[in-house]
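Start at 1 and go down the list; that is how both ligands and their atoms are numbered. Predicted model, so just to flag it, every value in this text is computed and none were measured.
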Amino acid sequence: MDTLSAKDRNLLDAAEAARPKAYAPYSFFHVGAAVRTRKGDVYAGCNVENISYPVGICAERNAIAAAVLAEGSKMEIAAIAVAAYGKDGQSVGITPCGACRQAIMEFGQQARVIFTGNKGELRIESIDKLLPDSFTFQSLT
Ligand code: THU
């Protein structure tokens, strides 16, 4: 079990506060995410689904979009927290999906990811542990 610093608690609180704003009428899985940038500001997002299911977008990538909008393309993620409610409205464990891991990596190769594991345990992991051998700019050259 990891322990949360005050800053990390604050970030998880922001993710939890975004969670009820989710638009999830298809999965009933409500997700909130919050990015803390290297500048120190916090940006939140929630998942937004669509009747054409693949069009929906995850909370993490919406939080990243808000951070880019505010800070521009040089925005760097220091940490990102994620929280979810299941169908019954109770907190459930969530780890960022593969697409979101790649999106986090793009803006923070050292980003710390704060989430709740499947047994309800708090986890803090570096993104390169969650997404080893990721596709990077170097891969293109
Ligand atoms: N979802 C997220 O917002 N973040 C994740 O990391 C995993 C899944 C959303 C997508 C969809 O709206 C719902 O949760 C069920 O997959």
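To the nearest 0.5 Å, atom CD of residue E49 and atom NE2 of residue H30 are 8.0 Å apart.
Contact check for I114 versus L122: side-chain heavy atoms found under the 4.5 Å cut-off.
Applying the salt bridge (Lys or Arg N to Asp or Glu O under 4.0 Å) rule to D41 yields no partners; only residues at least two apart in sequence or on another chain are considered.
Within the structure, the ring-ring contact (aromatic ring centres under 6.0 Å, His included) test picks out no pair touching residues 85-132 (sequence neighbours left out). Each ring-ring contact (aromatic ring centres under 6.0 Å, His included) pair with one or both residues in residues 37-60, not counting sequence neighbours, appears once here: Y26-Y53.
Heavy atoms of other residues, nucleotides or ligands lying less than 6.0 angstrom from CG of N118 number 12 at most.
For ligand 1, residues of the protein lying within 4.0 angstrom by heavy-atom distance are S27, F29, V31, N47, E49, C58, A59, E60, I94, T95, P96, C97.
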